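Heavy-atom basis, side chains included; hydrogens, waters and symmetry copies ignored. In this text the structure is predicted, and so the values were computed from the model without any measurement.
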Amino acid sequence: MLLDALTETGAYGGAAYLLRPGSNTLRLAMICGVPPELAWPWLRVRLDARLPVAEAAREHRLVWQDVQGRGEVAGDDRQAAMGMPYAFAMGSAPVVDESGGAPLCRGAVSLFWPASHPPRPTEAEQAGLHRLCRRMADVIRTADGRRAPLLPGDEPRVLERPRARTPEPDEALAAVDLVELLPEGWCVVDLTGVVTHANERAAELLGTTVDELVGGRPHRALPWLRDPVVADRYRTAIFSREPVSLTARRPPDHWLSFRVYPGPRGLGISINVAAKPGPDGVAAGLEESRLPTSPAEGGALYQLVQLAASLTQAVGVKDVVETVADQLIPAFDAQAVILFVAEGGRLRSVGYRGFTPETIERYDNQPLYPPPSPAAHALVSRAPAFYASTEALLRDHPHLRPSPDLHAWGFLPLTTSGRSVGCFVLAYDREHPFSAEERAMLTSLSSLISQALDRARLYDAKHQLVLSLQAGLLPHRLPDLPGLAVAARYLPATEGIEIGGDFYDVIPLDEHNTALAIGDVQGHNVTAAALMGQVRTAVHATAGVSPGEVLSRTNRLLTDLDPGLFTSCLYAEYDRATHRLRLASAGHPPPVLRRPDGTTTLLSAPPGLLLGIDPDAQYQEVEIPLPPGSVLVMYTDGLIETPGEDLEDSALRMADQLLGADDQRMDVLADRLLHGTDHAETRSDDIALLLLRTGD
């Protein structure tokens, strides 16, 4: 499918992401036209990231990005360009399954076009991209139906574009002869960086042999090409799909010009003698200079910026660990990472990848004084330590029992504002001599990690505090009521960690009568939560009198307290003997009623003044029949509020989801309503939801 879409749209490459049910992370499943090692920053993309593929999945729309190169982007999204300084165009679209009623995102697709592409996609390109997404959605749905769901693997599948036709043997030999007759040197490098063909002239100019070149990477056979400028030109050609050139000096004093021509399966490179350095960049040509073997080398500034941009999206400690592992393991070609924090004089692991649980258990919670481990020693001394082999590690720590699967380690202290936060460990499954560039790079990155980890720990502590407060103010469980089925849900706002003021309650009054209440206190902070607790207590204490009187008494209490915040509230009392509902509202959205015949309607109650404004405010009530089999839905505006849309229209759209609620359990229906709105995952307000189904 992906290869067909490339042919149809003229894109040179593409990437397909899958989203596991219940996950908030897109994972790269397939890639074509771009070396997978260059796609390492985007192997895993959080849905809330400021990246086009995440935005497409999150907002269910096509997102076009025209990266001008060197950090310039056509549009208001800068994060991708900060880590991708090459010119290209990219279109991203969501893979959405609409077979179940409410749209469900199952992944996303990005296609890449050369830098020469116009600033906007054509209609044919958009249609081809959407067609690919629909086909992927069908395949995913079919796989789910067969109980063999499509899930991304640990590594993306690399697709290779087929040749237009396979040449006959005689044609292939003739092509080889033709290349050998050319006066300049020629070689072909595939998308993985391996030389697949070179003529004799190329080998002569490069000072080597054809056998040394073919089957290997150029920088391994030619150490003098190990220079960041060469790596930068290689990546530029890969992403922009435009010819690039550079001039390099082959020791001792042979100047060569290189012209790189990108193609669908790799790069063609012409080599000629140059009289002097070219104007667009000169490689140093020194024996000790090095061509990057991973994206972390030769692009230190880009690596720093990319990690910094990603860490700005990391909220909690778990996010920081995932971001560090996703970014640095492929960047440094490592196998494992672990983050420790210092607590109570000990090192505690807060997350890892690549280590076995047995190894983590062995090193977790070790004391800092005296430092018994290299991680503790690095934290106490605030000095990084690098060990290229097990022997080197045991020389400094002879009593250590390192994992037999790992053979090289880097221990980086995490400090911020003069405080020791923890330690970051990067490990390899082979011996690895850390170069000066890698040591400097990791030391710089550890500063970013320490600041992000410190913020994340503060976030987690505050978040746990407010969640505990919120849980303590809401009902721990709903009462069991004969002849009634009830369900409730509460979701805090996704932005920030502030506590909300939404509440609900179900209050048994006597054998036949039950009170229901739902409300929304202005604001998203501890003050709003405290007032919410007072409002709920006041409603609970006055329950039993008429609904209008309950709101009046609660209103007088709030105006006496003068909290400076206003509250909407909906209070109802249901009589199971008469099957009638009495209802009063203090500026709250109207409830939705689903009648036994399947029709739905908004219940109109006189919208009284918000609580806490006028102590003399009065609240009218209405009485409504609620026959057996009816479903009453009470909610706060966070469930339905959509920018630019009237609240009543939003409520009616939500009511349509009740059409198939005949035999659904209340908890299933509650989850369906909670996650059935387009903005449910990107809400900026709290949501409270209370459902009641009447029985005989």
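- Residues I269 and Y261 form no side-chain contact, since every pair of their non-hydrogen atoms from C-beta on lies 4.5 Å or further apart.
- For the atom pair CZ of F434 and CG of L426, the computed distance is 6.0 Å after rounding to the nearest 0.5 Å.
- For CZ of R439, the number of neighbouring non-hydrogen atoms (other residues, nucleotides, ligands) closer than 6.0 Å is greater than 12.
- Using a 4.5 Å heavy-atom cutoff, the side chains of L458 and D454 are not in contact.
- A distance-only check finds a donor-acceptor pair linking the side chain of S240 to the backbone of E242 [under 3.5 Å].
- Pairs of residues two or more places apart, or lying in two chains, that qualify as salt bridge (charged side-chain N to carboxylate O under 4.0 Å, His left out) and include a residue from residues 341-354 are E322-R353, D326-R353, E343-R348, E343-R457.
- Smallest separation of non-hydrogen atoms from V95 and A108: CG2-N, 3.9 Å.
- With a 4.5 Å cut-off on side-chain heavy atoms, L379 and L368 count as touching.
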| Run the side-chain contact (heavy atoms from CB on, under 4.5 Å) check on F386 and L442 step by step: do they pass? | CA-CA 10 Å; F386 301 94; L442 285 168; 3.9 Å; yes
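- Below 30°, between 30° and 60°, or above 60°: for Y387 and H397 the angle between ring planes is above 60°, a perpendicular geometry.
- Within 6.0 Å of CZ on R430 lie more than 12 heavy atoms contributed by other residues, nucleotides or ligands.
- Scanning all heavy atoms of the two residues, the minimum distance from V214 to A198 falls at CG2-N, 3.9 Å.
- The distance from the OG atom of S373 to the CZ atom of F411 is 7.5 Å, given to the nearest 0.5 Å.
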| task | Before giving the answer on side-chain contact (heavy atoms from CB on, under 4.5 Å), spell out for R249 and D253 the whole-Å C-alpha distance, their side-chain angles and the decisive distance to 0.1 Å. | result | CA-CA 6 Å; R249 178 173 59 86; D253 196 26; 3.8 Å; yes
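- Residue M90 holds its CE atom at 7.5 Å from CG of L51, rounded to the nearest 0.5 Å.
- Using modelled atom types, one finds a donor on one side chain and an acceptor on the other under 3.5 Å when comparing T356 with T359.
- In this structure, OG in S446 is found 6.0 Å from CG in L414, a value given to the nearest 0.5 Å.
- Looking at heavy atoms from C-beta onward, L256 lies out of side-chain contact with T247 at the 4.5 angstrom threshold.
- Among all heavy-atom pairs drawn from L393 and L400, the shortest one is CD2-CD2, 3.6 Å.
- Rounding to the nearest 0.5 Å places CG of L328 at 10.0 Å from OG1 of T323.
- Side-chain atoms of S92 and E55, non-hydrogen and from C-beta on, never get closer than 4.5 Å to each other.
- For the atom pair CG of L394 and OG of S389, the computed distance is 8.5 Å after rounding to the nearest 0.5 Å.
- A heavy-atom distance below 4.5 Å is not found between the side chains of Y352 and L339.
- When every heavy atom of W113 is checked against every heavy atom of G91, the shortest pair comes out as CZ3-N, 3.6 Å.
- The minimum heavy-atom distance linking A427 with W409 is given by the pair CB-CD1, 3.7 Å.
- Taking the ring centroids of Y12 and F239, they lie at or beyond the 6.0 Å cut-off.
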| task | Assess whether side-chain contact (heavy atoms from CB on, under 4.5 Å) is satisfied between T236 and V260, documenting all intermediate values. | result | CA-CA 10 Å; T236 299; V260 183; over 6 Å; no
| task | Give the intermediate values and the outcome of side-chain contact (heavy atoms from CB on, under 4.5 Å) for residues L213 and L222. | result | CA-CA 9 Å; L213 283 174; L222 309 168; 4.1 Å; yes
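- Taking 4.5 Å as the limit, every side-chain heavy atom of Y428 sits out of range of all side-chain heavy atoms of L406.
- L19 has its side chain within reach of L47: a pair of non-hydrogen atoms, C-beta onward, lies under 4.5 Å apart.
- Of the candidates H407, Q335, E438, E438 is the only one forming a side chain to side chain donor-acceptor pair (under 3.5 Å) with H432.
- The minimum heavy-atom distance linking P262 with A237 is given by the pair CB-O, 3.5 Å.
- In this structure a side-chain-to-backbone donor-acceptor pair under 3.5 Å is present from D364 to S349.
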